[in-house]
Amino acid sequence: MIKVNNVTKKFGSHISLENVSCVFEKNEAIALMGANGAGKTTLIRSIMGYYHPNSGEVLINGLNPAKNRVEVLQHISFVPQLPPPIKLSIEELMQYISVSANVDKELIVHYADEMKLDIKANLSKSFFKLSGGMKQKLLIAISLAKDSDIIIYDEPTANLDPKARDDFYRLLKQNEQEKVLLFVTHRLEEVQDLVNRQIYMDLGKIVSDERV
Amino acid sequence: MKNLYLIAYLDLKESIRAKWFLVYSLVFGGLIALFFIAGVTESQVMGFSGLSRLLLMYIQITIVILPIFILITTVRSISGDRDSHILEYMLSFPISLKQYYWGKIIGRFITVYLPVIFAMVIAVVYGAFKGAEIPWNIFFLYTGLLFAMSATFLGIAFFISSFVKSSEVALGIAFFIWIFLLAFIDIALISLMMQQRVDEGIIIFISLMNPMEIFRVAAISLFDPELTVMGPVAFYILDSVSQTTFVLLSIGYPLLLGLLFAFFGYKIFEKKDLV
């Protein structure tokens, strides 16, 4: 489903990914780990089509994500590590997502309710004025409401309290079938029950890839 | 197409809520109000009076301040979104880069053009209410000039925004371009060339390549069809083209320039890493 083939990505003289190859298949839940600067985010961004690799290629269902971004991103849900300071109101953000990605707004509200976030009371509020936890809950609700085969989470629980983390993992358990789940995480113990594959990266390379 | 309109609509809504838009609208609306309070319409200088004089003063001030307003408020649109990781999230949805980029441009164009044109419309309506004669030819010329000027500087701003990684650098470049067009070409470069006895035709050609200069000349061309206030330069311009052609050129050339910059900006945006 996701095929990373000998990908090298450089920024100036710094090599962020060096000849990285891996394949992620359906029903795999992967914990992507490594120290800061190991290349995890670069790998994620290459999969999302944000970066053009210096060599090698990334294919999502056989398509290049940079060249066929619309087709590829229909199948991907993504939650970044830190919620960006989007100035749109929640209602506008939901409109953006609903029109561009064909996501049912009611489903976003449903998952937000499950995450104990009352969206309806905050519809006119700017997204960036919500608390860190509320923002993250909304982004998680959106990612679950979007009908995707690939879900990519970059440290999604960083802003969540323990109760919200439990809600998140419970919802994820219910939604992981027939998908690729990719977690960038520093806390393996949190996702240990969820993942069936662990990848360690260091200095732009995959140093260990184990199925558990 | 629905995504293009969506991006334009949301950018427009977001901009209208922003504080810079309030300041921007107040500046241009305030200018018109100030002219009425100061009695500009009742004064007569060099034969220009009433609403014509008010519109001339308005366009002359607008030619100087509109470019910098557009540049500093727009130049950060893509680079700022990239800086703050907004782009990373918003582009994680299936929207083509073409729709995102041009949608942003359309939304931002409406935002920057509406207040300047609206201030002028208010002036005309209020002037008519006070019994002044409405100079429709000047009004339509200025509508076209403001349209072209907004397009030019919006195109330049998006071009800068597409390749600059940090919004601080983008701001710096925007200021430089404004100063360069406003002062360097007009005063420093032209003076230097005159001192070096460069051919007058070349000097005038370089001068009119500057969109701010062409706007300035076009703005007075209806009041002064012979361009006598410009001295000998008028001979070169009017010898080369008729007044009507010059007016069309003063709208068409900057519009094309803006579109070209916007297009090159898009090409860079498409080819570069997005975040």
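Order of the sequence lines sets the chain letters (A, B, ...), proteins ahead of strands, with each chain counted from 1.
The heavy-atom pair separating A:A31 from A:V191 by the smallest distance is CB-CG2, 4.3 Å.
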Using only distance, no hydrogens or angles, which N or O donor-acceptor pairs sit under 3.5 Å between chain B and chain A?
from   : atom 1 : to    : atom 2 : distance (Å)
B:K2   : NZ     : A:V99 : O      : 3.4
B:K13  : NZ     : A:E92 : OE2    : 3.3
B:R17  : NH1    : A:E92 : OE1    : 3.4
B:R17  : NH1    : A:E92 : OE2    : 2.9
B:R17  : NH2    : A:K87 : O      : 3.3
B:R17  : NH2    : A:E92 : OE1    : 2.9
B:E88  : O      : A:Y50 : OH     : 2.3
B:E88  : OE1    : A:R45 : NH2    : 3.4
B:E88  : OE2    : A:R45 : NE     : 3.1
B:E88  : OE2    : A:R45 : NH2    : 3.4
B:M90  : O      : A:Y96 : OH     : 2.5
B:L91  : O      : A:R69 : NH2    : 2.7
B:S92  : N      : A:Y50 : OH     : 3.2
B:F93  : O      : A:R69 : NH2    : 3.4
B:I95  : O      : A:R69 : NE     : 2.8
B:I95  : O      : A:R69 : NH2    : 3.1
B:K271 : O      : A:H52 : NE2    : 3.2
B:K272 : O      : A:H52 : NE2    : 3.4
B:D273 : OD1    : A:K9  : NZ     : 3.3
B:D273 : OD1    : A:H52 : N      : 2.8
B:D273 : OD2    : A:K9  : NZ     : 2.7
B:L274 : N      : A:Y50 : O      : 2.8

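In this structure, B:I160 and B:I177 have side chains that are in contact, with non-hydrogen atoms separated by less than 4.5 Å. Contact annotation: the side chain of A:I47 never approaches that of A:P65 to less than 4.5 Å [non-hydrogen atoms, C-beta and beyond]. With a 4.5 Å cut-off on side-chain heavy atoms, A:L144 and A:L172 count as touching. The side-chain heavy atoms of B:L12 and B:I106, taken from C-beta on, include no pair separated by under 4.5 Å.
Interface remark: A:I142 contributes side-chain atoms only to the contact with chain B (heavy atom separation under 4.5 Å). Neither the backbone nor the side chain of A:L82 has a heavy atom closer than 4.5 Å to any heavy atom of chain B. Contact annotation for A:I76: only backbone heavy atoms (N, CA, C, O) come within less than 4.5 Å of a heavy atom of chain B. Within the 4.5 angstrom heavy-atom criterion, atoms from both the backbone and the side chain of B:L97 approach chain A. Contact of B:L10 with chain A is made through backbone and side chain together, with heavy-atom distances under 4.5 Å.
In terms of heavy-atom pairs under 4.5 angstrom with chain A, the leader among B:L91, B:L274, B:I7 is B:L91. With respect to chain B, the highest number of heavy-atom pairs below 4.5 Å among A:I152, A:V103, A:L139 belongs to A:L139.
Close placement of the B:Y24 and B:F69 rings is indicated, their centers lying within 6.0 Å of each other. A distance of 6.0 Å or more separates the ring centres of B:F261 and B:F158.
The side-chain contact (heavy atoms from CB on, under 4.5 Å) check on B:M120 picks up B:L55, B:Y58, B:I117, B:F139, B:Y142, B:T143, B:L146, with sequence neighbours excluded.
When the shell of 6.0 Å around CZ of A:F11 is examined, it contains more than 12 heavy atoms from other residues, nucleotides or ligands.
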